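Note that this is a predicted model, so its numbers are computed, not measured. Along the sequence shown, the residues carry numbers beginning at 1.
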Amino acid sequence: MSEVDYEKLAEIELQKDEMEDTHSEQEGTILPPPAEDPELNINHPYYDVARHGIIQLAGEDNSGRKVITFSCCRMPPSYQLNHTRLLEYLKYTLDQYVENDYTVVYFHYGLKSLNKPSLKWLQTAYKEFDRKYKKNLKALYVVHPTNFIKILWNIFKPLISHKFGKKIAYLNYLADLGQHLKYDQLNIPQEVIRHDENLWRKQKGKLPPVVKVPPPRPPLPTQQFGVSLQYIKDKNKGELIPPVMKETVSYLKSKGLQVEGLFRRSASIQTIKDVQKLFNQGKSVNFDDYHDIHIPAVILKTFLRELPEPLLTFDCYDHILEITSVESCLRVTRCKEIIQGLPEHNYAVLKYLICFLHMVSQESIYNRMTASSLACVFGLNLIWPQKGTTSLNALVPVNLFTELLIDFYTNIFNSRRVPGEILP
């Protein structure tokens, strides 16, 4: 079958999908359009595309990799969206992550004849995403695939390598995502949720099961993950720096400072869970036994990410987002003012961490982890909003703030000492 025949067949299948979707929509209620992200600035270089919310940052998967979602239902009619700009915006977004392992979730529902890009655009897009983008993409989840997707696969099969093909997973229901991702962090469009419910009713005669979250267990006296800094301090004779931070930083300082790509790689989910369990039980951990320098690096990031409140505290979130509106020559001073307002304990732990990250950046000729690279990795592990997840539009100020802390560590942290503080 020729490419032209496949394209015609794809169009027919898309029309069938539309007819089914229209029938389902008639049975449900009309949903209002999604509210525009309040953190989106009209001066954003891709405001015309970003305002639709097609591409979103959605927390992390079970391996701690950043997750990017692409929602077809948020694509307006083609005459209202410049698809060339959409491709540029997608690359602009991924450029912030491609140096690290990352995951993409593609919500297929909502792709229609009216808003679909041309086949030529899809082919151009695939070619535009060279090895830089494909190398560290660890998984591409296609949610609610249809026959249209199968036909596209036949068209693109000659272009797609076997290695890349193995990264693609097709998921028929949203519930399947829970096996791979932190479902509660995903910003799933209401249209997609309703479509999923309709599929369950049609296929199984009932609504999808409610994901039951077991009640939290009381923490162990030696618990390190998922508890507050104050809890760890109280259980460790008043020590300011949590044991897991001391051990990971000490190990990485002695054996990892010159490792290329330190903090960029993920590690085995099971191994990370095993190490977390050992720390939580107060047992000793010998990182040499694992023969993988990235395990202590992931453990450090995981510890920060699982704090009930971010190290930089919820109160600082809005102040940090305003850093891009501060004149360049005043930004370091503003950073200093913001962290001076932190509680003593948070300040001491942050100073300990940033001192170490500054050391890592000083070895960037070997490890290729500049202050900017480290900020991309650690920014979202240091600060996040009290409600919802960090939006793509918050990334620039969050990363800039973190980069300034690392680059100007000596200047920013030189005027305040906390009793009992230590440095790496």
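- Under the 3.5 Å distance criterion, the side-chain polar atoms of D407 are left unmatched by any main-chain donor or acceptor of A371.
- Under the 3.5 Å distance criterion, the side-chain polar atoms of Q224 are matched with a main-chain donor or acceptor of V244.
- Dense packing is recorded around CZ of F314, with more than 12 heavy atoms of other residues, nucleotides or ligands lying under 6.0 Å away.
- For the pair L380 and L395, the tightest heavy-atom approach, listed with the atom from each and the gap, is CD1-CD2, 3.5 Å.
- Of all non-hydrogen atoms in T370 and S361, the two that sit nearest each other are C-CB, 4.2 Å.
- Ring geometry, Y92 versus Y46: the interplanar angle falls from 30° to 60°, so the pair is classed tilted.
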Inset, instruction - List the steps, then state whether side-chain contact (heavy atoms from CB on, under 4.5 Å) holds for T103 with H180. - result: CA-CA 10 Å; T103 293; H180 311 281; over 6 Å; no
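- With a 4.5 Å cut-off on side-chain heavy atoms, L171 and L177 count as touching.
- The ring pair (Phe, Tyr, Trp, His ring centres under 6.0 Å) contacts involving residues 318-357 comprise Y347-F413, where partners must be two or more places apart or lie in separate chains.
- Pairing each heavy atom of S266 with each of H294, the nearest pair is O-CB, 4.5 Å.
- For N381, there are no side-chain hydrogen bond (donor to acceptor under 3.5 Å, both in side chains) partners at least two apart in sequence or on another chain.
- Across all non-hydrogen atoms, the minimal contact from T248 to P296 is CG2-O, 3.6 Å.
- Within the 4.5 Å cutoff, the side chain of I323 has heavy atoms near those of the R331 side chain.
- Between Q223 and N280 there is a side-chain heavy-atom pair separated by less than 4.5 Å.
- At least one donor-acceptor pair under 3.5 Å links the side chain of H358 to the backbone N or O of I406.
- Scanning all heavy atoms of the two residues, the minimum distance from I232 to P243 falls at CG2-CD, 3.8 Å.
- Judged purely by atom type and a 3.5 angstrom limit, K134 has no side-chain atom pairing as donor or acceptor with the backbone of F164.
- The closest side-chain heavy-atom distance from K255 to D288 is below 4.5 Å.
- Here the side chain of N115 pairs a donor or acceptor atom with the backbone of M75 at under 3.5 angstrom.
- Qualifying side-chain hydrogen bond (donor to acceptor under 3.5 Å, both in side chains) partners for K273, counting only residues two or more places apart in sequence or in other chains: none.
- Between K246 and E239, at least one side-chain N (NZ, or NE/NH1/NH2) sits under 4.0 Å from a carboxylate O, which counts as a salt bridge.
- The side-chain contact (heavy atoms from CB on, under 4.5 Å) with D289 is formed by just one residue from the set V285, D292, N286; it is N286.
- R65 places no side-chain N or O within donor-acceptor distance of the main-chain N or O of D101, the cut-off being under 3.5 Å.
- Taking the six-membered ring wherever Trp is involved, the centroid distance between the rings of H195 and Y109 falls below 6.0 Å.
- Here the side chains of Q386 and Y317 are not in contact, with every heavy-atom distance at 4.5 Å or above.
- Residues that satisfy the side-chain hydrogen bond (donor to acceptor under 3.5 Å, both in side chains) test with K336, not counting sequence neighbours, are N414.
- Minimum interatomic distance between V418 and L240 (heavy atoms only, all atoms of both residues): CG1-CD1, 4.0 Å.
- Residues D61 and Y102 have side chains that never bring a donor and an acceptor to within less than 3.5 angstrom of each other.
- Remark: R264 pairs with S373 by the side-chain hydrogen bond (donor to acceptor under 3.5 Å, both in side chains) rule, at least two apart or across chains.
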Inset, instruction - Apply side-chain contact (heavy atoms from CB on, under 4.5 Å) to the pair I299 and I272, showing each step before the final yes or no. - result: CA-CA 7 Å; I299 286 291; I272 296 303; 4.0 Å; yes
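- Here the side chains of L304 and L353 are in contact, with some heavy-atom distance below 4.5 Å.
- A donor atom on one side chain and an acceptor atom on the other are not found under 3.5 Å apart for N399 and E403.
- For the pair F129 and L87, the minimum side-chain heavy-atom distance is below 4.5 Å.
- Of the possible polar contacts, none joining the S71 side chain to the R74 backbone as a donor-acceptor pair under 3.5 Å is found.
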Legend entry - Verdict with supporting geometry, K351 and Y409, side-chain contact (heavy atoms from CB on, under 4.5 Å): CA-CA 8 Å; K351 185 175 181 179; Y409 161 76; 4.1 Å; yes
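- With respect to R334 and E337, a salt bridge is recorded, a charged nitrogen being found less than 4.0 Å from a carboxylate O.
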Inset, instruction - Run the numbers on I55 and L86 for side-chain contact (heavy atoms from CB on, under 4.5 Å), then give the verdict. - result: CA-CA 9 Å; I55 302 164; L86 174 62; 4.2 Å; yes
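- For residues 228-269, the pairs satisfying ring pair (Phe, Tyr, Trp, His ring centres under 6.0 Å) are Y251-F287, F263-F378, with sequence neighbours left out.
- For the pair P242/L229, a side-chain contact is recorded, criterion being any heavy-atom separation below 4.5 Å from C-beta on.
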